[in-house]
Amino acid sequence: MKKLLSVLLLVSMTASLLAACGSSKSSDSGQSGTGSEGGSASKKVVAWAWDPSFNGAALKIAEELYAKENPGFELEVVDMAKTDLEQKLNTNLASGVKEGLPDIILVNDPNIQKYVTAYPGTFADFTDKVDYSQFSPYKVDALTIDGKVYGVPFDIGVTGMFYRSDYLEQAGFKAEDLENITWDEYIEIGKVVKEKTGKYMSTINPNDEALTSILLQSGGSWYITPDNKGNFVDNPVMTETLRVYKAIADSGIAKPVTGWSEFVGSFNAGDVATVVSGVWQISSIMDAKDQSGKWRVAPIPRLNVEGAVNASNEGGSSWFVLEGSANKDLAIDFLAKTIGGSSEFYERFLNENGGVGSYIPSFSSEAYSQTPEFFGGQAIYTDFTKWSTEVPGISLGMYTQEAKDALKNELPNILNGSDLTQSLANIQKLFEQQVQ
């Protein structure tokens with residue numbers, strides 16, 4: 001009888017495993033071993049991610065490194081648009097449907113707290129799986145909720161002020177004149193640049209909140225408080241951020257743009273002297289081959305508030321593992337030993353894909369000390385990694401996007417000269433209406 005039961009059990013497990021493997025081959029369904037019978041014995045994990053040339057490529061590097069010590073390991077990366085991925089994940093989790101979900105998922109950092117809080121018990125706890133002291137603190141802070149750390153830090157958006165050295169020199173400025181300046185000093189330099197060269201100092205887009213996000217984090221603040229309340233009223237950093245934003249617009253040093261193409265086109269065409277953005281902007285700047293040797297990078301300007309620094313962040317993401325995955329332990333081990341703890345991974349990720357992470361041990365590698373001719377031989381990655389350790393850690397909360405939307409609704413009024421105190425009250429009220 002026992003022998004018969006064993007045979008039946010083996011047949012059942014084999015059938016289930018074949019069904020799971022068969023379904024995971026469909027990129028349309030994106031199904032994995034999550035919730036599948038017998039999936040725990042598999043050496044295959046499935047990951048959902050967007051941007052195959054960047055995020056997907058990074059996973060393939062990790063797969064190659066992990067497979068060296070774990071023969072037979074296989075990773076399937078299901079590529080989909082970021083919005084489609086987020087919609088599909090939210091739809092499944094909200095309805096309680098776990099079948100068809102992957103083992104690993106890429107999460108945009110501002111969504112971390114929203115996912116973990118809205119869907120408790122859904123994502124694996126990595127607290128004791130990774131040595132987080134080896135990562136830039138602000139990146140770990142974004143992953144930490146109620147004393148637990150969820151997921152593995154991935155790429156970062158540590159910011160810098162890219163600048164055309166030829167334009168600045170023509171206006172009478174040297175590299176040291178751009179070090180550790182305030183935004184008010186930046187504006188004054190911009191006026192001279194505009195007068196002497198005819199070039200704008202920067203761009204400005206009232207439909208985009210990238211600059212306000214950079215300013216806020218550099219001051220150790222955010223659109224919402226750690227307890228998910230609106231942070232627009234009685235917040236000195238927010239007030240200073242919007243004052244600076246309007247001052248840039250009023251000064252005439254910024255070229256108005258209305259979208260990504262116009263933004264990138266402005267510096268590729270040589271229309272602006274500086275670009276304040278994340279490290280990932282390097283590839284877009286280098287698209288203008290004829291500008292090689294003319295670019296440099298300096299720390300971003302700082303706000304005129306107590307505790308503000310010349311460092312911030314724009315963008316970034318992390319890798320999560322679903323708690324209900326039948327291959328959870330394998331997925332955790334895979335991420336922990338590669339993206340969560342391998343200098344070789346980050347060296348290859350930088351050299352092959354231009355990606356920069358927050359894994360501190362890799363900062364001293366040869367890859368990070370390279371001196372691109374395009375940037376005049378400056379060790380730009382060494383500078384960016386140094387700045388990454390200075391970025392203030394903040395809580396991104398659950399409602400970052402809702403808060404950004406509320407701000408963008410009022411931003412045209414602010415730029416048109418409305419009373420800032422009243423505008424901040426309007427934003428706070430609109431945000432509260434959106435999340436109540």
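Computed from heavy atoms alone, side chains included, the values below leave out hydrogens, waters and symmetry copies. Note that this is a predicted model, so its numbers are computed, not measured.
The side chain to side chain contact (heavy atoms under 4.5 Å, CB included) search around A49 returns N55, L106, W319, not counting sequence neighbours. For W387, the ring pair (Phe, Tyr, Trp, His ring centres under 6.0 Å) partners at least two apart in sequence or on another chain are F384. Taking F345 as the reference, F349 meet the ring pair (Phe, Tyr, Trp, His ring centres under 6.0 Å) condition, with sequence neighbours excluded. Listed by chain and residue number, nothing satisfies the side chain to side chain contact (heavy atoms under 4.5 Å, CB included) test with D329 (two or more places apart in sequence, or in another chain). Scanning for ring pair (Phe, Tyr, Trp, His ring centres under 6.0 Å) contacts around Y399 gives an empty result, with sequence neighbours left out. For Y346, the ring pair (Phe, Tyr, Trp, His ring centres under 6.0 Å) partners two or more places apart in sequence, or in a different chain, are Y359.
Among residue pairs with one or both ends in residues 204-229, none qualify as ring-ring contact (aromatic ring centres under 6.0 Å, His included); sequence neighbours excluded. The stretch residues 374-400 participates, sequence neighbours left out, in these salt bridge (Lys or Arg N to Asp or Glu O under 4.0 Å) pairs: K386-E390. Judged as a salt bridge (Lys or Arg N to Asp or Glu O under 4.0 Å), the pairs with a partner in residues 204-228 (not counting sequence neighbours) are, in order, E209-K404, E209-K408. Applying the salt bridge (Lys or Arg N to Asp or Glu O under 4.0 Å) test to residues at least two apart or on different chains, the pairs with a partner in residues 121-149 are D109-K139. Among pairs with a residue in residues 312-328, those fulfilling salt bridge (Lys or Arg N to Asp or Glu O under 4.0 Å) read E323-K328, at least two apart in sequence or across chains.
With hydrogens and angles disregarded, no donor-acceptor distance shorter than 3.5 Å links the side chain of S218 to the backbone of A308. No donor-acceptor pair closer than 3.5 Å links the side chain of N108 to the backbone N or O of P110. Here the side chain of W50 pairs no donor or acceptor atom with the backbone of A81 at under 3.5 angstrom. The backbone N or O of Y66 sits nowhere less than 3.5 Å from a side-chain atom of E69 that would complete a donor-acceptor pair. Formation of a donor-acceptor pair under 3.5 Å by the T225 side chain with backbone atoms of N231 is not found in this model. The closest donor-acceptor contact from the side chain of E262 to the backbone of T258 lies under 3.5 Å. A donor-acceptor pair under 3.5 Å is absent between the side-chain atoms of N313 and the main chain of V391, judged by distance alone. The main-chain N or O of E366 is never found under 3.5 Å from a side-chain atom of E347 such that the two would form a donor-acceptor pair.
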The test is side-chain contact (heavy atoms from CB on, under 4.5 Å); show your working for F320 and T122 and say whether it passes.
CA-CA 10 Å; F320 275 27; T122 297; over 6 Å; no
Report the C-alpha separation of D184 and R243 in whole Å, then their side-chain angles, then the decisive distance to 0.1 Å, and conclude whether the salt bridge (charged side-chain N to carboxylate O under 4.0 Å, His left out) test is met.
CA-CA 10 Å; D184 289 326; R243 181 196 71 79; 3.2 Å; yes
Audit row: F374, Q291, side-chain contact (heavy atoms from CB on, under 4.5 Å) steps and yes/no
CA-CA 7 Å; F374 193 96; Q291 297 174 12; 4.3 Å; yes
Go through the steps to decide whether Y163 and K294 satisfy the test side-chain contact (heavy atoms from CB on, under 4.5 Å), and finish with yes or no.
CA-CA 8 Å; Y163 67 92; K294 298 178 180 180; over 6 Å; no
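A side-chain donor from one of Q422 and N426 sits under 3.5 Å from a side-chain acceptor of the other. A donor atom on one side chain and an acceptor atom on the other are not found under 3.5 Å apart for S202 and T274. Side-chain contact of S136 with S388: a donor-acceptor pair under 3.5 Å is present, judged by distance alone. Between the side chains of D405 and Q434, not a single donor N or O lies within less than 3.5 Å of an accepting N or O. N413 and S418 share no side-chain donor-acceptor pair at under 3.5 Å.
Put simply, CG on L330 and CZ on F334 are 9.0 Å apart, with the number rounded to the nearest 0.5 Å. The CD1 atom of I282 sits 10.0 Å away from the OG atom of S284 when rounded to the nearest 0.5 Å. Distance CD1/I380 to CD/Q370: 7.0 Å, rounded to 0.5 Å. Going from atom CG of L335 over to atom OG of S342 covers 12.5 Å, rounded to the nearest 0.5 Å. Distance CD/E76 to CH2/W48: 11.5 Å, rounded to 0.5 Å. Once rounded to the nearest 0.5 Å, the distance linking CZ of F135 with OG of S318 reads 9.5 Å.
Taking 4.0 Å as the cut-off between side-chain N and carboxylate O, K337 and D333 count as a salt-bridged pair. A salt bridge is defined here as a Lys NZ or Arg NE, NH1 or NH2 lying under 4.0 Å from an Asp or Glu carboxylate O, and K43 with E74 fails to meet this definition. Between E64 and K60, none of the side-chain N atoms (NZ, or NE/NH1/NH2) sits under 4.0 Å from a carboxylate O, so this pair counts as no salt bridge. Here K114 pairs with E402 in a salt bridge; the nearest charged N to carboxylate O distance falls below 4.0 Å.
K429 NZ: 12 or fewer foreign heavy atoms inside a 6.0 Å radius. Summarising the local packing, CD of E373 is surrounded by 12 or fewer heavy atoms from other residues, nucleotides or ligands at distances under 6.0 Å. Within 6.0 Å of CG on D287 lie more than 12 heavy atoms contributed by other residues, nucleotides or ligands. Under a cut-off of 6.0 angstrom, the local environment of CD in Q87 is sparse, with at most 12 non-hydrogen atoms contributed by other residues, nucleotides or ligands.
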For a quick test of your reading: what N or O donor-acceptor pairs under 3.5 Å do the side chains of residues 150-162 make, sequence neighbours left out?
| residue | atom | partner | partner atom | Å |
| --- | --- | --- | --- | --- |
| D155 | OD1 | S317 | N | 3.2 |
| D155 | OD1 | S317 | OG | 2.5 |
| T159 | OG1 | S312 | N | 3.3 |
| T159 | OG1 | S312 | O | 3.1 |

